[in-house]
Amino acid sequence: MNKKEKQAGRSIWRYRGRKFIIGFNVWTAICLGMILLIMVNCLAGRYYRRWDITSRGYYRLSDKTKGMLAGLDCELDIVSFFAGTHELHDDIKYLLREYEYESRNLEKLGLNVVIVDPVRDFAAAREAAEKYGVNNANVVVFQSGGRRKYLGEDDIDDYKNSLIGKRSDKRRYLFRGEQAFSSAIQTITQIARPVVYVLSNHGERAIDDYSKGTGYSRISKVMTRDGITVKKLDLVGKNSIPDDCSALVVAGPQKELAQSELAILTNYLEHNGRVFFLLDAGFQTGLESLLAKWSVMLEMDVVVDPQYTRTGRELVVTEYGDHPITRNLMGVMTTFFMPRSVMPLPGKTSTGAVPSDKPRVVPLVLSSGKGWAEKELNQSAVFDAGIDQAGPVPVAVAVERGPLGGINVEINPTRIVVVGDSDFVSNGGLEEAGGGNECLFMSALNWLIERETLMAIAPKPPGELRMDMNARQIRIVFAVISFGGPAMLALLGIAVLLFRRR
């Protein structure tokens with residue numbers, strides 16, 4: 001072998017050596033990169049942060065829910081049995097993941113979330129169903145300390161039926177997942193359920209009345225769903241309000257209460273009672289003098305507001321006072337139906353420090369500055385200066401008397417909420433107004449019974465993009481999709497062909 005052949009051989013080996021080293025380095029880098037990626041992925045699975053950058057915050061938990069979870073000291077199981085094809089499956093899954101994420105650093109709370117698809121994973125669904133006593137699909141089970149709560153789709157979502165042409169259309173309009181889930185958690189983890197009595201025998205709204213115009217069955221169902229026991233109360237033959245009463249609701253009485261009944265209510269309020277008055281315009285009930293002692297004035301009028309109205313009979317409200325009941329309702333619309341004014345007595349509005357033995361009155365809901373309280377009920381609604389009360393006019397107030405906030409005493413304060421309309425949470429009122437009315441009612445009730453955790457967790461409208469088209473529009477869209485796309489591609493091909501020939 002001559003010298004040139006030896007040099008050529010050495011060059012080949014050097015080339016092969018460099019090639020091997022380069023390949024080895026490349027594969028080593030790939031392996032190290034994969035190992036690094038797996039390590040980062042494992043660490044991210046254990047230690048991670050999430051940010052909600054969506055504009056609507058559809059699954060974002062409220063501060064009230066976060067505070068409730070932080071205060072729990074128990075083991076809690078949440079199992080979803082919604083089929084993967086159900087329209088609520090994804091919403092429930094993602095919302096439960098938020099609960100799971102929020103509880104990850106809470107040492108006292110052991111939260112276990114299980115998502116079971118009873119259609120695709122029959123074996124796991126059967127095992128979980130036997131464990132949690134589930135007989136039907138499409139339910140969410142909450143269990144803690146041997147107590148269970150079951151939520152179906154009607155508890156989690158609200159539907160509205162509308163007529164499109166000759167076709168009845170059922171569509172979702174409010175997702176109340178967080179509201180229902182937080183209420184269920186509080187129901188099974190609290191020691192005792194609050195009891196709310198609803199006064200009867202004076203033409204009041206009835207919790208077992210399912211009629212659209214006057215019934216209160218729907219709001220009764222909402223209270224029950226939120227872990228409240230609801231009972232009717234007739235004061236005839238009684239000497240006092242029941243001892244287990246957490247709050248009393250007086251909804252739309254149409255007759256005057258007897259003096260003995262007024263005495264019972266007076267005594268109840270004097271001993272730190274909690275009462276929710278919903279009093280309609282045009283009725284004298286005898287409660288006017290009782291409420292005047294608590295610095296609340298009821299007038300024989302109707303509050304109107306031409307700025308926010310559809311038919312002239314309702315008052316659409318977007319302005320609220322500064323109070324825990326309404327603090328999280330800013331931007332939420334509520335609708336009242338010919339409400340009366342409910343105003344603090346002159347000089348009794350709580351704008352600063354008030355002695356603990358004096359009622360503190362705060363307006364909750366107000367008309368706009370263009371509204372007014374119409375005194376002449378038999379005439380058309382026209383503002384008469386010097387007669388009518390100019391806006392903004394309150395139609396709801398909150399009253400509190402007792403220990404000031406921050407003072408650590410065992411005496412509970414007296415609390416009163418007065419709303420100048422009982423229609424706003426009737427079956428028909430809730431259906432027409434949407435979620436704002438229910439949210440205001442439940443927020444006020446939870447303030448009365450001191451369940452601030454659940455105050456103003458508002459339902460959220462689902463983000464749906466819908467197009468309602470007639471037959472002609474459907475044919476046009478079909479033609480554009482079927483022939484327009486191919487035609488554009490054909491023209492583009494012809495243009496490229498002509499360009500290449502040039």
Side-chain angles (χ1 to χ4, degrees), residues 160 162 173-174 205 212-214 251-252 254 277-284 288 296-323 325-346 349 351 361-398 417-441 443-444 456 458 461:
K160 180 178 288 188
S162 58
Y173 81 102
L174 283 178
R205 309 286 181 157
K212 182 176 180 180
T214 61
Q254 300 180 17
F277 293 102
L278 301 99
L279 307 175
D280 294 314
F283 293 98
Q284 290 281 0
E288 294 78 12
V296 177
M297 180 171 61
L298 295 175
E299 294 281 1
M300 294 296 288
D301 56 20
V302 172
V303 179
V304 296
D305 192 340
Q307 183 174 356
Y308 301 110
T309 186
R310 292 187 293 271
T311 66
R313 297 177 60 85
E314 72 279 323
L315 174 69
V316 180
V317 174
T318 57
E319 299 182 27
Y320 305 93
D322 184 15
H323 191 271
I325 293 175
T326 56
R327 199 156 291 158
N328 292 324
L329 289 176
M330 299 304 172
V332 176
M333 184 180 70
T334 51
T335 304
F336 300 86
F337 304 92
M338 299 185 67
R340 71 193 303 174
S341 65
V342 182
M343 292 185 286
L345 287 174
T349 303
T351 56
V361 185
V362 179
L364 296 177
V365 183
L366 304 96
S367 72
S368 73
K370 296 183 178 181
W372 70 90
E374 179 64 43
K375 304 290 185 179
E376 298 175 345
L377 302 182
N378 297 325
Q379 298 183 11
S380 59
V382 178
F383 179 70
D384 298 316
I387 299 176
D388 298 331
Q389 173 70 41
V393 180
V395 296
V397 299
V417 174
V418 187
V419 179
D421 176 32
S422 66
D423 279 316
F424 87 107
V425 284
S426 65
N427 296 337
L430 290 177
E431 181 178 345
E432 181 174 341
N437 288 18
E438 178 190 316
C439 189
L440 174 63
F441 179 90
S443 184

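For clarity, every value in this text was computed on a predicted model and none was experimentally measured.
Side-chain contact between T334 and Y320 is present, with at least one heavy-atom pair separated by less than 4.5 Å. Side-chain contact between V303 and R340 is absent, with no heavy-atom pair separated by less than 4.5 Å. Proximity of E299 to Q389: side-chain heavy atoms (C-beta onward) are nowhere separated by under 4.5 Å. Residues E432 and T335 fail the side-chain proximity criterion, which asks for heavy atoms closer than 4.5 Å. Taking 4.5 Å as the limit, some side-chain heavy atom of V296 sits within range of a side-chain heavy atom of V342. Side-chain contact between L440 and F424: present, with at least one pair of heavy atoms (C-beta onward) separated by less than 4.5 Å. Between M297 and V361 the shortest side-chain heavy-atom distance does not fall below 4.5 Å.
Between the side chain of S443 and the backbone N or O of I325, at least one donor-acceptor pair lies under 3.5 Å. Remark: side-chain polar atoms of T326 are not paired, donor with acceptor, to backbone N or O of L329 under 3.5 angstrom.
Note that the CG atom of N437 and the CD atom of E431 stand 12.5 Å from one another [nearest 0.5 Å]. Note that NZ of K375 and CG of D301 are 4.5 Å apart. Values are rounded to the nearest 0.5 Å. N427 contributes atom CG, which lies 8.0 Å from atom OG1 of T214 (distance to the nearest 0.5 angstrom). Rounded to the nearest 0.5 Å, atoms CZ (R327) and CG (L364) are 11.0 Å apart.
Across all their heavy atoms, D421 and F337 have their closest contact at OD2-N, 3.0 Å. The nearest pair of heavy atoms linking A373 to V393 is N-CG2, 3.9 Å.
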query: Can V418 and L298 be said to form a side chain to side chain contact (heavy atoms under 4.5 Å, CB included), step by step?
result: CA-CA 10 Å; V418 187; L298 295 175; 4.2 Å; yes
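Residues passing the side-chain hydrogen bond (donor to acceptor under 3.5 Å, both in side chains) test with D388, sequence neighbours excluded: none.
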